[in-house]
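To start, the structure itself, in structure tokens.
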Amino acid sequence: MIYVGIDIAKLDHYASAIDSDGVVLIEPFKFRNDADGFHTLSSKLDSLPAGDKVIIGLESTAHYGNNLVRYLVCRSYDVCILNPIQTATLRKNNIRKTKTDKVDTFIICKALAMQQSYRFVSFDDLDLMDLKSLGRFRQKAIKQRTRLKIQLKASLDQTFPELQYFFKSGLHQKGVYALLKEAPTAKDVASMHLTHLAHLLDVASHGHFKKDQAKELRVLARNSVGYPDSAIAIQIVHAVEQIELLDSQIAHVEAEMTDIMKVRDSVIMTIPGIGYINGGMILGEIGDIHRFSSPKQLLAFAGLDPTVYQSGQFQAKKTKMSKRGSKVLRYALVNAAHNVVKNNATFAAYYDAKMAQGRTHYNALGHCAGKLVRVIFKMLTDNVDFSLD
């Protein structure tokens with residue numbers, strides 16, 4: 001058996017190789033995080049003794065190693081992602097307390113040699129990496145969009161405060177956005193020609209807003225207490241444009257996640273109330289389910305496990321969830337639990353039971369999310385469809 005350890009960094013990686021007896025086969029060498037560097041690594045790997053199984057290990061280090069992992073997997077190498085905790089323990093046992101990129105490659109090799117079993121990265125794992133990346137990007141985009149919507153409303157409170165009460169469906173719709181990009185203040189709306197205003201609203205809302213509403217809107221604008229501040233008007237236009245851009249990006253990301261989930265055809269989609277987006281976020285954050293030996297570990301990873309408070313003879317009976325795991329997974333699970341409660345009698349009864357105990361809505365949902373974690377763990381571990389019979 002030959003063990004190859006790779007220490008990952010942003011620009012340059014280091015690699016070395018040892019055999020089962022600890023003999024160094026490849027001294028630590030540096031290679032760039034680019035095509036030429038990857039080719040250099042391949043050449044070194046090709047020089048290893050033929051017939052011996054080669055296992056490549058690297059630590060989980062954010063996104064810097066993703067391209068290399070894809071490169072190696074696509075060339076049929078056996079790649080193993082190590083938890084940094086494993087290598088940190090070996091590093092502490094080093095008498096000289098030395099930490100360099102070259103030394104780290106040998107530590108990774110030794111960590112590989114000490115493992116009893118291996119879980120190699122597969123093409124399936126690459127799909128999960130894509131889902132994780134897309135899901136996290138979507139969450140960031142949604143947060144950005146929420147901040148912009150709050151900012152937009154605050155700006156309109158100064159230029160046209162009556163506008164938010166005029167449209168029954170609220171400010172955030174295509175017709176309103178089209179209006180604000182052209183007329184961000186009450187004065188701008190009041191000065192618009194009625195025919196143009198009516199046409200703009202009619203086209204942008206696909207016929208939802210008629211000429212009578214355009215008339216009412218112009219009268220409202222003429223009587224508005226809003227001040228036509230040009231600086232705020234610019235901010236309104238830019239906020240609307242950014243919101244529309246984020247809407248487009250989120251829709252694109254969700255379409256990509258949907259395509260991946262359709263191809264995967266995961267058993268998680270048999271859970272009533274879980275759609276492609278929520279299912280994709282959950283699978284992407286969990287990754288390989290075999291990383292977790294029990295539902296309890298998965299629960300802790302999601303940060304849904306209860307905190308423990310004990311002092312002397314006192315042991316708290318009720319504590320809050322730890323919230324120390326993956327925020328994205330926790331969000332997706334709670335959101336999924338909310339939908340499952342609406343679509344499954346067993347989960348609905350469980351939710352009602354918690355509410356009957358005096359729990360709050362979100363506390364009861366947290367318990368439902370914990371129950372959902374145990375169901376998902378069983379389904380993914382055994383690859384079985386949803387069933388509570």
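These figures come from a predicted structure and were not determined experimentally.
Note on K211 versus D202: no salt bridge recorded, every NZ/NE/NH1/NH2 to OD/OE distance being 4.0 Å or above. We find that D130 and R70 are joined by a salt bridge, their nearest charged nitrogen and carboxylate oxygen being less than 4.0 Å apart. Using a cutoff of 4.0 Å between basic side-chain nitrogens and carboxylate oxygens, K174 and D247 are not scored as salt-bridged.
Atom CD of Q213 sits about 6.0 Å away from atom CZ of F166, to the nearest 0.5 Å. Summarising the geometry, atom OG1 belonging to T146 is positioned 9.5 Å from atom CG belonging to L246; distances are rounded to the nearest 0.5 Å. Note that CZ of R374 is 11.0 Å distant from CG of L298, once rounded to the nearest 0.5 Å. The structure places CG of L245 at 10.0 Å from CG of L148, a figure rounded to the nearest 0.5 Å. Atoms CG and CG, on L179 and L201 in that order, are 5.5 Å from each other to the nearest 0.5 Å. Separation of atoms CD1 (I282) and CD1 (I271) is listed at 7.0 Å; rounding is to 0.5 Å.
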Please assess L217 against F160 for the test side-chain contact (heavy atoms from CB on, under 4.5 Å), listing each intermediate value before the final yes or no. CA-CA 11 Å; L217 179 60; F160 196 173; 4.2 Å; yes
Taking it one step at a time, do I2 and I18 satisfy side-chain contact (heavy atoms from CB on, under 4.5 Å)? CA-CA 6 Å; I2 296 175; I18 65 174; over 6 Å; no
Run the numbers on M192 and E182 for side-chain contact (heavy atoms from CB on, under 4.5 Å), then give the verdict. CA-CA 10 Å; M192 291 180 73; E182 190 167 326; 3.7 Å; yes
Tell me, with the steps shown, if F386 and N344 meet side-chain contact (heavy atoms from CB on, under 4.5 Å). CA-CA 11 Å; F386 176 82; N344 180 261; 3.6 Å; yes
Just distance, no hydrogens or angles: give the donor-acceptor pairs under 3.5 Å from side chains in residues 26-34, sequence neighbours left out.
from: R32; atom 1: NH1; to: D12; atom 2: OD1; distance (Å): 3.2
from: N33; atom 1: OD1; to: H13; atom 2: NE2; distance (Å): 3.3
from: N33; atom 1: ND2; to: K10; atom 2: O; distance (Å): 3.1
from: D34; atom 1: OD1; to: D36; atom 2: N; distance (Å): 3.3
from: D34; atom 1: OD1; to: G37; atom 2: N; distance (Å): 2.8

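Scanning all heavy atoms of the two residues, the minimum distance from L48 to A17 falls at CD2-CB, 4.3 Å. Closest non-hydrogen pair, P184 versus I236, comes out as O-CD1, 3.4 Å. The minimum heavy-atom distance linking M379 with D385 is given by the pair CE-C, 4.0 Å. Between G5 and C109, the shortest heavy-atom contact is N-SG, 3.1 Å. Residues G170 and V176 share a closest heavy-atom pair of O-CG2, 4.0 Å. Summarising the geometry of R145 relative to I243, their closest heavy-atom pair is CG-CG2, 4.2 Å, with the distance given to 0.1 Å.
Y118 pairs by the ring-ring contact (aromatic ring centres under 6.0 Å, His included) definition with F120, not counting sequence neighbours. By the side chain to side chain donor-acceptor pair (under 3.5 Å) test, S191 is found to be paired with no residue, residues two or more places apart in sequence or in another chain being considered. In this structure Y77 satisfies the ring-ring contact (aromatic ring centres under 6.0 Å, His included) test with no other residue, sequence neighbours excluded. Residues passing the side chain to side chain donor-acceptor pair (under 3.5 Å) test with Y350: none are found, sequence neighbours excluded.
Within a 6.0 Å radius of NZ in K102, other residues, nucleotides and ligands contribute 12 heavy atoms or fewer. The local environment of NE2 in H39 is sparse, with at most 12 non-hydrogen atoms from other residues, nucleotides or ligands closer than 6.0 Å.
Between H367 and Y351, the ring center distance fails the sub-6.0 Å criterion. Between F292 and F377, the distance separating the two ring centers is not shorter than 6.0 angstrom.
Remark: side-chain polar atoms of R291 are paired, donor with acceptor, to backbone N or O of I286 under 3.5 angstrom. For the pair R330 (side chain) and A302 (backbone), a donor-acceptor distance under 3.5 Å is present. The backbone N or O of D7 lies less than 3.5 Å from no partner atom in the side chain of T105, so there is not a single donor-acceptor pair.
Residues D125 and S122 bring a donor and an acceptor atom of their side chains to less than 3.5 Å of each other.
A heavy-atom distance below 4.5 Å is not found between the side chains of K140 and K143. A 4.5 Å side-chain heavy-atom check between M257 and M281 finds at least one atom pair inside the cut-off. For the pair L283 and L380, the minimum side-chain heavy-atom distance is below 4.5 Å. A 4.5 Å side-chain heavy-atom check between Y177 and H172 finds at least one atom pair inside the cut-off. When side chains are defined from C-beta on, V267 does not count as touching V384, because their heavy atoms never get closer than 4.5 Å.
Partner of E285 under the side-chain hydrogen bond (donor to acceptor under 3.5 Å, both in side chains) criterion, chosen from K132, R136, K327: R136. Each of I108, V4, L112 was checked for a side-chain contact (heavy atoms from CB on, under 4.5 Å) with C80, and the lone residue meeting it is L112.
Counting only residues at least two apart or in different chains, side chain to side chain donor-acceptor pair (under 3.5 Å) contacts with residues 147-169 comprise K153-Q164, D157-Q164, E162-S224.
Residue Y276 is grouped with residue L333 when hydrophobic side chains (ILVMFWY) are merged at heavy-atom distances under 4.5 angstrom, including chains of intermediate members.
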